[in-house]
Amino acid sequence: EGSNWDSSSIQMKAEAGNSGITLSGTKQLVMDAEAANTILVVARQGDDLIVAVVDPSAEGLEITPTSGMDLTRRFYQLDFNNIAGELLASGEAAEIALKRSIQTGIIIACADMLGGMDWALKTTVEYAQTRQQFGKAIGSYQAVQHQCADMLLLSESSRSATYYAAWALNEGNEEADQAVNIAKAY
C-alpha cells in the first residue's frame, strides 16, 4: 500500500461476511510474515478503519518473500483474496490502535539503532586505543578524542530520547507524540 503510514492511505478492503470479516488486497514489506503465528491486518470497511486478525495458514493467503536493503531482516508481500479474518477493532478504536502500534514500532526501531550506535562507539574507541600513528595511539590525539566525545554525546542523547519516548507512550503521557518524534529525529 505504499510507504505512507497515514491511516487515510489504507487501501485494503474488508467486507462483513458470515463468519467475520473478509479481506482483499495486498500488504507489502511485512516483516517475518512467514514465521508469524498470527497476522494483524489494518483495512477499510467502507469509510471505517478496522483491525482484524488472520491465521497465516488461511487458504488463499499468499506469502511471498521480497528483497530489501537490510539483509538481516526478512520481508514479505501478503496477497489477500477474500481471506477470512476476525474483527478486533473498528472506527476510532482501530485508529488509536494503529497510531499506538506505529509509535511503538518507531520506539523499537530507535532502540535497535541505539544498539548499533553503541557498537559503533565501542568499536571506534577500541580502535582509537590500539591504532598507532607516529608512535602513539591515535586516541591520544585531541582531534580523535573530540570525535569520540561527539559520538558519546549523540549516543547518550539518543538513549535518553528513546527511553523517555518509551516511558511517555507507556504511561499515556500527553507529551508522548512529541517524545516519539524527538527520539526518531535523534
Side-chain angles (χ1 to χ4, degrees), residues 1-115 161-185:
E1 292 189 27
S3 59
N4 187 345
W5 288 95
D6 186 78
S7 66
S8 64
S9 69
I10 303 292
Q11 297 175 16
M12 177 170 273
K13 301 290 183 212
E15 295 181 12
N18 294 339
S19 60
I21 297 291
T22 302
L23 300 159
S24 296
T26 299
K27 294 290 186 180
Q28 298 175 345
L29 301 174
V30 179
M31 194 162 59
D32 297 323
E34 197 168 70
N37 294 324
T38 303
I39 297 174
L40 293 178
V41 181
V42 180
R44 287 249 169 240
Q45 184 176 14
D47 291 336
D48 283 342
L49 192 70
I50 65 112
V51 177
V53 63
V54 173
D55 183 341
S57 63
E59 187 175 332
L61 176 61
E62 292 181 36
I63 301 176
T64 309
T66 59
S67 59
M69 291 178 61
D70 184 349
L71 299 179
T72 66
R73 306 206 190 286
R74 303 291 177 242
F75 292 99
Y76 298 85
Q77 176 174 306
L78 278 61
D79 292 302
F80 296 79
N81 186 14
N82 295 318
I83 303 297
E86 179 183 337
L87 182 66
L88 294 179
S90 62
E92 187 178 346
E95 293 277 353
I96 292 169
L98 177 62
K99 180 180 179 182
R100 177 81 184 235
S101 67
I102 289 171
Q103 290 178 320
T104 301
I106 289 169
I107 292 169
I108 291 168
C110 289
D112 186 46
M113 289 183 273
L114 183 58
T162 299
Y163 286 5
Y164 181 71
W167 174 85
L169 187 61
N170 187 59
E171 295 297 315
N173 187 288
E174 63 186 25
E175 295 178 356
D177 290 348
Q178 184 178 19
V180 169
N181 288 333
I182 289 170
K184 182 170 67 170

Inset, instruction - Determine whether Val41 and Met12 make a side-chain contact, defined as any pair of heavy atoms from C-beta on separated by less than 4.5 Å. - result: yes
Inset, instruction - Hey, could you give me the CD/CD distance between Glu95 and Glu92, rounded to the nearest 0.5 Å? - result: 8.5 Å
Legend entry - Validation row: Thr26, Leu78 side chains within 4.5 angstrom (heavy atoms): no
Legend entry - Contact check, side chains of Leu169 and Thr104, non-hydrogen atoms, under 4.5 Å: yes
Inset, instruction - Would you indicate whether Glu171, at its atom CD, is surrounded by more than 12 heavy atoms from other residues, nucleotides or ligands within a distance under 6.0 Å? - result: yes
Inset, instruction - Please indicate whether Tyr163 has more than 12 foreign heavy atoms, meaning atoms of other residues, nucleotides or ligands, lying under 6.0 Å from its OH. - result: no
Legend entry - Pairwise side-chain contact, Val180 with Ile107, heavy-atom cut-off 4.5 Å (strictly under): yes
Legend entry - Nearest non-hydrogen partners of Pro65 and Ile63, listed with the distance: CD-O, 4.1 Å
Legend entry - Asp79 side chain reached by Leu61 side chain, heavy atoms, under 4.5 Å: no
Inset, instruction - For Ala179 and Ala168, work out which heavy atoms get closest and say how close. - result: CB-CB, 4.3 Å
Legend entry - Test item: Leu98 and Val51 side chains (from C-beta on) under 4.5 Å apart, heavy atoms: no
Legend entry - Rounded distance (nearest 0.5 Å) linking atom OG1 of Thr66 with atom CD of Gln77: 7.0 Å
Inset, instruction - Answer whether the closest heavy-atom distance between the side chains of Gln45 and Ile21 falls below 4.5 Å. - result: yes
Inset, instruction - Compare all side-chain heavy atoms of Val53 with those of Ile39 and state whether any distance is below 4.5 angstrom. - result: no
Legend entry - Between Ser90 and Asp48, a side-chain donor and acceptor under 3.5 Å: no
Inset, instruction - Assess whether salt bridge (charged side-chain N to carboxylate O under 4.0 Å, His left out) is satisfied between Lys99 and Asp177, documenting all intermediate values. - result: CA-CA 10 Å; Lys99 180 180 179 182; Asp177 290 348; 2.9 Å; yes
Legend entry - Distance, nearest 0.5 Å, that separates CG of Asn81 from CD of Glu59: 11.0 Å
Legend entry - Between OG1 on residue Thr64 and CD on residue Gln28, distance to nearest 0.5 Å: 11.0 Å
Inset, instruction - Let me see the working for Val42 and Leu49 under side chain to side chain contact (heavy atoms under 4.5 Å, CB included), right down to the final yes or no. - result: CA-CA 7 Å; Val42 180; Leu49 192 70; 3.5 Å; yes
Legend entry - Tyr76 backbone acceptor or donor facing Lys27 side chain under 3.5 Å: no
Inset, instruction - Please name the pair of heavy atoms, one in Pro56 and one in Ala36, separated by the smallest distance, quoted to 0.1 Å. - result: CG-O, 3.2 Å
Inset, instruction - Output yes when a side-chain donor or acceptor of Thr22 lies under 3.5 Å from a complementary backbone atom of Ile83, and no otherwise. - result: no
Legend entry - Test log, rule side chain to side chain contact (heavy atoms under 4.5 Å, CB included), inputs Thr162 and Trp167: CA-CA 9 Å; Thr162 299; Trp167 174 85; over 6 Å; no
